[in-house]
Structures are given as C-alpha cells and as structure tokens.
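Below you'll find the structure, written out as structure tokens, and then a few comments.
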Amino acid sequence: MPDSASPLDPRRWKALIFIALAQLMVVLDATIVNIALPSAQADLDISDGNRQWVITAYALAFGGLLLFGGRLADLWGRKRTFVVGLLGFAAASALGGAAANPGMLLGSRALQGAFGALLAPAALSLLAVMFTEAKERAKAFGIYGAIAGGGGAVGLILGGVLTEYMNWRWTFFVNIPFAVVAAAGAYFVIREPEGSRNRSPLDIPGVVLSTLGLVSLVYGFTRAESDGWSAGPTIGLFVAAAVLLAAFALVESRVKAPLLPLRVVTERNRGGVYASLGLAVIAMFGLFLFLTYYLQIVKGFSPVETGFAFLPMIAGMITGSTQIGARLMNRVPPRRLMAPGFLVAAAGMLLLTQLEVGSSYATLILPAQLLLGLGMGTAFMPAMSMATYGVQPRDAGVASAMVNTSQQVGGAVGTALLNTIAASATTAYVTSHAAGAKSAKALQLQSMVHGYTTAIWWAVGILLLASAIAFTFVTTRGGSGQAVAGSGEGAADEDAVPVLAH
C-alpha cells in the first residue's frame with residue numbers, strides 16, 4: 001500500500017504509454033504473421049510441412065520461457081528486463097524481415113518468442129508495482145486490458161494492409177519502431193519502486209522442468225492439430241508434459257526459493273482468474289481463425305477487408321474495458337464484471353452459430369462481434385488486475401507470467417481443439433451430403449461453414465464454463481478502497497479491492 005515512505009511515481013502515466021505500446025506490439029505480433037504467412041511461404045520456398053513452424057517456433061519459445069522470464073524480472077529488475085526484451089524483440093524482428101531462407105525466418109521467430117517471454121511479464125508486473133491506488137489501478141488496467149484483448153484483431157488489420165500493399169517482410173519490420181520508441185521511453189521515464197525485487201537464487205531445476213513441461217504441452221497441441229489426438233507423438237508429448245509439470249510442482253513445494261511460489265497459483269482468486277482467462281482465450285483464438293477463413297474464403301473478402309471487418313470487436317473491447325470495467329472496478333466485486341462479461345461474449349458467440357454461406361455481415365457478424373468485444377473487454381480488465389491480487393511485490397513478475405502462460409496455453413489449445421472439431425464436422429458433412437449436392441463448390445462451402453458453426457458451439461460452452469469459474473472462485477469484493485495487506489498467501493480478504501499488497 002502506498003504510504004509516505006513510498007510515494008507514487010509522478011511519471012507513472014507517461015510510463016503507461018510505453019508499457020501499453022510494448023504490450024500492443026507483442027499481442028498483435030501473435031496474429032500479424034498469420035496473414036503474411038502464405039506470401040512468406042511462397043517467397044522463401046517453405047514446404048507445407050515446415051510452414052507451421054513459423055507459428056510454432058514463436059509459440060514454443062514464448063510459452064516455454066514465460067515463467068523463467070517472469071522470475072528474471074523479479075530478480076534482475078522489471079525495468080531492465082523490459083528494455084532488454086524490447087531491444088531483443090526488435091533485433092529478432094529485423095532478422096525475420098531480412099530472412100533469406102526458411103532457417104533464418106524460423107530462427108528469428110524463436111528469438112521473438114524468447115524475448116517476448118522476457119517482455120510480457122515485465123510489462124504487466126511494472127503496472128502492478130507502479131499503480132497501487134485503487135482508482136488509478138482500475139484506469140491503468142482498463143487500458144492494458146483493452147490492448148491485451150483487442151491487439152490480436154489489430155494485428156489482423158495491420159497484417160492485411162502490410163501484406164496487400166507492401167510486402168510480407170514489413171509484418172516484421174513494423175515491430176522495430178514500436179520496440180525502439182517503447183524502450184527509449186521506458187529507459188528515461190520508468191522508475192521501478194525500491195525494494196520490490198526478489199534476489200533469491202535462481203531455481204535452476206524449476207527453470208528446466210517448467211520450460212520443458214510447457215514446451216511439451218504447447219507442442220503437443222500443435223501436433224494434435226496436424227497429426228490427430230490419437231497419434232503416438234501427440235500422446236507422448238502430453239504424457240511428457242504431465243510428468244514434467246508434476247515434477248515441477250513437487251520441486252517447487254520443497255525448494256527454498258522456488259521459480260513459481262505455489263502461493264501464487266493456489267490462492268483462490270488468482271487461480272480462478274488464470275483458469276477463466278485461459279478458457280476465454282481458447283474460445284477467442286478459435287473464433288479469429290474461423291472468422292478469418294469464413295470472410296476470405298466463403299465471403300470473398302480481401303486480406304485488408306478481412307482485417308477491417310474485425311473493427312467492431314476492437315471497438316467493443318475498448319469500450320468494455322475502459323468505459324465499463326474500469327468505471328465499475330472499484331464499485332462492484334470483480335466477479336460481477338468477469339462472469340457477466342464472459343456471458344455477454346458467449347451470447348455473441350451464440351449468434352455466430354447461425355452462420356450460413358449467405359449470412360449478412362451487417363445483420364449477424366457485426367452485432368455478434370460487438371457483443372464479443374464488450375463482453376471480453378469487460379471481463380479482461382478486472383482479470384488483468386486480479387492476476388497480481390494480493391501478491392508480494394517480489395512475486396509480481398511470476399504472477400504476471402502466469403497470466404501470459406494461461407493465455408499462451410489457451411491459444412494453443414483453442415487453435416488445435418476447435419480446428420480439429422471443425423475439420424471432423426466438415427468431413428462428416430461432406431460424407432453425408434455428397435449424394436444430394438448441387439455442385440462440388442457449393443458442397444465445399446456449406447461443409448466448411450458447418451464445421452465452423454459446430455466448433456463455435458463448443459466455444460459457447462467454453463465461455464459459459466469460464467463464466468462459472470469466475471463467479472465461483474473470484475470471491476473478493478470491491479468498494480472499500482483498501483489495499484490488500486499481507487503476503488497474498490491463503491484466502492484473500494473479501495472486503496478488499498484487488499490492488500497490490502505491499
């Protein structure tokens with residue numbers, strides 16, 4: 001809690017600009033390359049078998065190293081980690097934009113993921129230790145939540161514009177000005193609070209086990225999408241992930257200075273946030289994939305038109321996060337924002353189950369996106385703030401890394417699970433309707449849309465589950481204006497607003 005000994009940093013709002021800019025770069029990079037991938041594949045003669053590695057190399061490095069990156073931020077200093085992550089991300093992006101062969105491109109994507117794993121938890125934990133007053137924290141996390149939720153859709157727009165009017169290489173080069181401006185601003189503006197580092201020795205066994213476990217888990221879902229859920233390599237990766245992560249949990253419960261103190265994830269409110277946020281991301285990533293293909297293949301939209309078609313969702317997310325979530329955060333319990341927010345998003349997803357080949361964008365897709373955006377923005381804002389609820393400042397980095405980990409794993413699960421469901425439904429539709437089809441083209445489009453809507457029904461159920469978890473586990477109440485006291489171990493004070501413990 002801020003007191004006379006630790007006054008609020010007068011430059012904290014300027015710092016937020018550069019933190020938000022860096023977060024936007026990381027989030028949009030997750031989708032911007034997807035739009036450019038076909039052009040890059042043709043230019044560099046990447047085989048169909050290796051094409052997925054442009055996405056997978058980034059996901060494995062980012063997902064596998066997040067906990068390590070969060071712990072480094074606590075140990076090394078969040079500002080320093082943030083700046084190093086930005087500069088490294090810029091260098092990796094330059095390498096990717098200048099790639100002369102597939103190996104160079106894949107290596108740059110892995111480096112982007114590694115530096116992103118430093119950058120992302122450092123950014124969120126800087127917010128956690130700089131904004132400790134309840135109303136200011138709500139505003140800051142409202143902005144951050146809007147960017148975290150809407151950045152992926154912005155990436156689709158930017159990727160479409162750059163690919164169509166310039167060159168796929170600019171989807172990499174565009175990161176450089178983002179990173180340089182954010183790094184320079186952070187260096188001169190950000191002042192990290194004193195005494196918030198965790199200088200305990202680094203837990204090397206924890207680093208190895210968590211990295212290998214998370215890499216196995218993320219790669220397992222990637223292989224499930226390409227090889228099938230029952231394939232030997234897929235099952236082997238999931239078994240390895242379970243064994244490695246179980247061993248990680250055992251090690252963390254016994255070592256003196258754990259990489260991930262179990263108090264960070266076992267506290268009821270934070271655990272509920274991590275679980276519900278991960279489930280929501282599963283649904284959202286599947287939606288981005290299906291809507292992109294629906295608009296381009298079924299409706300014939302260009303890449304630029306497809307990107308701009310996502311604008312209503314971005315507007316909804318910004319409105320939900322900054323005008324609903326941020327304004328109500330200190331007046332109502334967080335679960336009364338998160339649970340209804342996920343329900344509103346589920347209603348938007350439910351509309352999309354009515355998609356047909358001839359569906360109107362204006363009367364179906366646009367209102368569905370607005371509901372999705374409003375719901376997700378309203379829910380994401382308190383979720384981002386609650387992620388560091390009740391933790392000691394020295395644990396802020398790993399608590400922030402857990403948010404990114406739940407999102408990264410959720411994205412991998414969503415892409416693999418929902419794409420597999422859609423593909424199976426599409427195949428079944430073709431088999432059962434082939435005899436009565438008027439034309440092969442019509443059958444192809446109808447079967448694709450049927451596959452999308454089948455998977456979207458699953459996404460509706462996933463969002464309903466996220467809402468139920470948020471309502472059940474996130475039990476802290478808002479409105480008192482008092483910071484949480486103590487270390488964050490055990491249950492949180494139900495009368496406390498979710499602000500950082502000091």
Side-chain angles (χ1 to χ4, degrees), residues 1-2 6-27 70 73 78-79 81-82 86 119-151 181-182 185-186 189-193 196 269-270 273 277 317-332 334 337-338 341 376-391 393 395-397 399-404 407 476 478-484 496-502:
M1 208 170 0
S6 55
L8 294 174
D9 184 354
R11 296 181 294 181
R12 61 195 179 282
W13 289 107
K14 290 182 181 179
L16 175 61
I17 295 172
F18 301 110
I19 294 171
L21 186 65
Q23 175 65 12
L24 177 62
M25 180 191 70
V26 171
V27 174
R78 296 171 190 89
K79 175 179 174 178
T81 307
F82 183 69
L86 280 166
L119 172 58
L124 185 55
S125 58
L126 276 170
L127 283 189
V129 299
M130 292 177 72
F131 291 90
T132 55
E133 193 275 323
K135 290 184 179 180
E136 288 195 350
R137 184 179 175 89
K139 291 178 183 178
F141 276 89
I143 295 169
Y144 189 89
I147 290 171
V181 171
V189 172
I190 290 178
R191 186 178 65 191
E192 190 173 350
S196 61
N269 292 280
R270 286 193 298 275
V273 166
L277 199 57
M317 284 182 174
I318 293 172
T319 302
S321 185
T322 62
Q323 301 304 310
I324 300 175
R327 290 178 182 273
L328 296 179
M329 177 81 181
N330 297 310
R331 300 179 185 178
V332 301
L337 291 173
M338 291 177 63
M376 286 297 190
T378 301
F380 271 33
M381 187 268 145
M384 291 295 177
S385 181
M386 286 291 297
T388 48
Y389 171 73
V391 299
D395 291 334
S400 302
M402 277 302 300
V403 181
N404 291 283
Q407 290 178 306
T476 182
S480 70
Q482 299 297 316
V484 179
V497 174
V499 295
L500 185 69
H502 279 249

Can Leu16 and Lys139 be said to form a side chain to side chain contact (heavy atoms under 4.5 Å, CB included), step by step?
-> CA-CA 11 Å; Leu16 175 61; Lys139 291 178 183 178; over 6 Å; no
Give a yes or no on whether the backbone of Met317 and the side-chain of Ser321 come within a donor-acceptor separation of less than 3.5 Å.
-> no
Inter-residue atom distance Ile17.CD1 - Arg11.CZ, 0.5 Å rounding | 13.0 Å
Nearest heavy-atom approach of Phe18 to Val181 is CD2-O, 3.7 Å
Option among Met130, Arg78, Lys14 that satisfies the side-chain contact (heavy atoms from CB on, under 4.5 Å) test with Ile190 | Met130
Here the gap from Thr476 atom OG1 to Asn269 atom CG, rounded to the nearest 0.5 Å, amounts to 5.5 Å
Taking all non-hydrogen atoms of both residues, which atom of Ala22 and which atom of Leu86 are closest, and how far apart?
-> CB-CD2, 3.6 Å
Determine the minimum heavy-atom distance between Ala383 and Leu277, stating which atoms define it.
-> CB-CD1, 4.1 Å
Closest approach of Leu337 and Pro382, non-hydrogen atoms and distance?
-> CB-CG, 3.9 Å
In short, Trp13 meets Ala140 closest at the heavy-atom pair CH2-N, 4.2 Å
Rounded to the nearest 0.5 Å, how far does CG of Asp395 lie from CE of Met402?
-> 13.0 Å
List the atom of Pro334, the atom of Met386, and the distance in Å for their closest heavy-atom pair.
-> CG-SD, 3.9 Å
Please step through side chain to side chain contact (heavy atoms under 4.5 Å, CB included) for the pair Arg12 and Phe131, ending with a clear verdict.
-> CA-CA 8 Å; Arg12 61 195 179 282; Phe131 291 90; 3.8 Å; yes
